[in-house]
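Everything numeric in this text was worked out from a predicted model, so none of it was measured.
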Amino acid sequence: EEVLRDVHSFKFRPADIQTLKSKFADWDAGFWDWLATLDTSKVKIYAIPEGTIVFPREPLLRIEGPLAVCQLLETTALVLVNYASLLCTNAARHRLAVGPKKRLLEFGLRRAQGPDGAMSASRYAFIGGFDGTSNVKAGLMFGIPISGTHAHSFVTSFTSVHELKTKTLVSRVDKKAIDFVELTMKYQQKYKRTGTNKGELAAFIAYA
């Protein structure tokens with residue numbers, strides 16, 4: 001239910017985009033235009049009803065739709081499902097241990113991971129000595145340097161370098177375009193790293 005609510009209300013407001021622009025001023029203007037029109041109308045969700053017993057390797061949730069949109073939904077979907085399944089599983093184990101007749105009460109508030117777990121974790125990790133966070137909202141709210149990589153779903157969406165639509169990069173030195181795929185293959189041969197997973201290689205080239 002929480003995932004469905006998030007997907008139905010998911011959008012970037014003008015104020016959100018302006019805040020992001022102020023932090024990432026050198027990003028492509030077309031990206032901000034795309035964010036402004038983004039919606040989840042083409043997203044489909046398949047899920048097991050809440051409270052259903054599931055077994056290892058059974059998917060709790062499957063999301064289908066445009067890759068970039070699904071990747072933007074990914075983090076929130078994971079934190080909502082992971083925390084819910086963690087607590088439900090632990091509660092169910094306690095119930096099975098004591099049986100149906102015992103009364104069980106939850107007293108977890110004092111030891112819970114903050115009133116807003118992910119935001120609290122980002123803030124206090126920074127206070128404790130970390131250099132940055134991948135949590136964009138926490139970075140904007142608390143002035144924490146924002147850094148990270150890309151979604152794992154982005155890596156798994158590729159199977160071969162032949163899928164790459166853009167294969168060139170512009171050199172910062174002489175501003176000339178270079179065939180980055182060809183250059184990568186050259187160094188693979190040089191350092192004898194030809195056993196690299198081709199899908200992962202394609203994803204990292206695309207990310208670059």
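Counting only distance, with no hydrogens or angles, the side chain of Asp116 and the backbone of Met119 share no donor-acceptor pair below 3.5 Å.
Interatomic distance, CZ of Arg193 versus OG1 of Thr184, reported as 15.0 Å (0.5 Å rounding). Rounding to the nearest 0.5 Å places CG of Leu183 at 12.0 Å from OG1 of Thr168. Here NE2 of His152 is found 11.5 Å from CG of Leu78. Values are rounded to the nearest 0.5 Å. If you take CD1 on Ile45 and OG1 on Thr40, they are separated by 8.0 Å, rounding to the nearest 0.5 Å. In this structure, the separation between CD1 on Ile63 and CD on Gln71 is 11.5 Å, given to the nearest 0.5 Å. If you take NZ on Lys137 and OG1 on Thr76, they are separated by 9.5 Å, rounding to the nearest 0.5 Å.
By the neighbour-count criterion of 12 heavy atoms within 6.0 Å, atom CG of Asp174 is densely surrounded, having more than that number from other residues, nucleotides or ligands. Counting non-hydrogen atoms of neighbouring residues, nucleotides and ligands closer than 6.0 angstrom, the CD1 atom of Ile127 exceeds 12 such neighbours. For NZ of Lys11, the number of neighbouring non-hydrogen atoms (other residues, nucleotides, ligands) closer than 6.0 Å is 12 at most. When the shell of 6.0 Å around CG of Leu104 is examined, it contains more than 12 heavy atoms from other residues, nucleotides or ligands. Atom CD of Glu1 has 12 or fewer heavy atoms from other residues, nucleotides or ligands within 6.0 Å. Within 6.0 Å of CD in Gln188 there are more than 12 heavy atoms belonging to other residues, nucleotides or ligands. For Glu182, the CD atom counts as loosely surrounded, since its 6.0 Å shell holds 12 or fewer non-hydrogen atoms of other residues, nucleotides or ligands.
Phe126 and Phe142 fall within a single hydrophobic cluster, where Ile, Leu, Val, Met, Phe, Trp and Tyr side chains are chained together by heavy-atom contacts under 4.5 Å. By the criterion of side-chain heavy atoms lying less than 4.5 angstrom apart, applied directly or through intervening Ile, Leu, Val, Met, Phe, Trp or Tyr residues, Val181 is not grouped with Phe204; the two fall into different hydrophobic clusters. In this structure, Val43 is a member of the same hydrophobic cluster as Leu61, with clusters built from ILVMFWY side-chain heavy atoms closer than 4.5 Å. Residues Leu67 and Leu38 do not share a hydrophobic cluster, defined by chaining ILVMFWY side chains whose heavy atoms lie under 4.5 Å apart. Ile17 and Val69 fall within the same hydrophobic cluster, where Ile, Leu, Val, Met, Phe, Trp and Tyr residues are linked whenever their side-chain heavy atoms come under 4.5 Å apart, directly or through other members.
Taking 4.5 Å as the limit, some side-chain heavy atom of Phe24 sits within range of a side-chain heavy atom of Ile146. By the 4.5 Å heavy-atom criterion applied to side chains, Thr194 and Gln189 are counted as neighbours. Within the 4.5 Å cutoff, side-chain heavy atoms of Phe10 are placed close to those of Leu72. For the pair Leu201 and Ile205, the minimum side-chain heavy-atom distance is below 4.5 Å. Residues Ser160 and Glu163 form a side-chain contact, since some pair of their non-hydrogen atoms from C-beta on lies under 4.5 Å apart. Contact check for Leu20 versus Val136: side-chain heavy atoms found under the 4.5 Å cut-off. Here the side chains of Val161 and Lys198 are not in contact, with every heavy-atom distance at 4.5 Å or above. Using a 4.5 Å heavy-atom cutoff, the side chains of Val155 and Tyr207 are not in contact.
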task = Test Ser41 against Asp39 for side-chain hydrogen bond (donor to acceptor under 3.5 Å, both in side chains), laying out the working first.
result = CA-CA 6 Å; Ser41 59; Asp39 63 50; 2.6 Å; yes
query = Step by step, would you call Val7 with Val3 a side chain to side chain contact (heavy atoms under 4.5 Å, CB included)?
reply = CA-CA 6 Å; Val7 171; Val3 173; 4.3 Å; yes
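Using bins of under 30°, 30° to 60° and over 60° for the plane-to-plane angle, the ring pair Trp27/Phe31 lands in the perpendicular bin.
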Taking only distance into account, with no hydrogens and no angle test, what donor-acceptor pairs under 3.5 Å do side-chain atoms of residues 88-95 form with protein atoms, sequence neighbours excluded?
{"from": "Thr89", "atom 1": "OG1", "to": "Ser85", "atom 2": "O", "distance (Å)": "2.6"}
{"from": "His94", "atom 1": "ND1", "to": "Asn90", "atom 2": "O", "distance (Å)": "2.8"}
{"from": "Arg95", "atom 1": "NH1", "to": "Gly99", "atom 2": "O", "distance (Å)": "2.8"}
{"from": "Arg95", "atom 1": "NH1", "to": "Lys102", "atom 2": "O", "distance (Å)": "2.7"}
{"from": "Arg95", "atom 1": "NH2", "to": "Lys102", "atom 2": "O", "distance (Å)": "3.4"}

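Considering all non-hydrogen atoms of both residues, Ala206 and Phe154 come closest at CB-CZ, 3.9 Å. Scanning both residues, Arg62 and Glu64, for their nearest heavy atoms gives NE-OE2, 3.0 Å.
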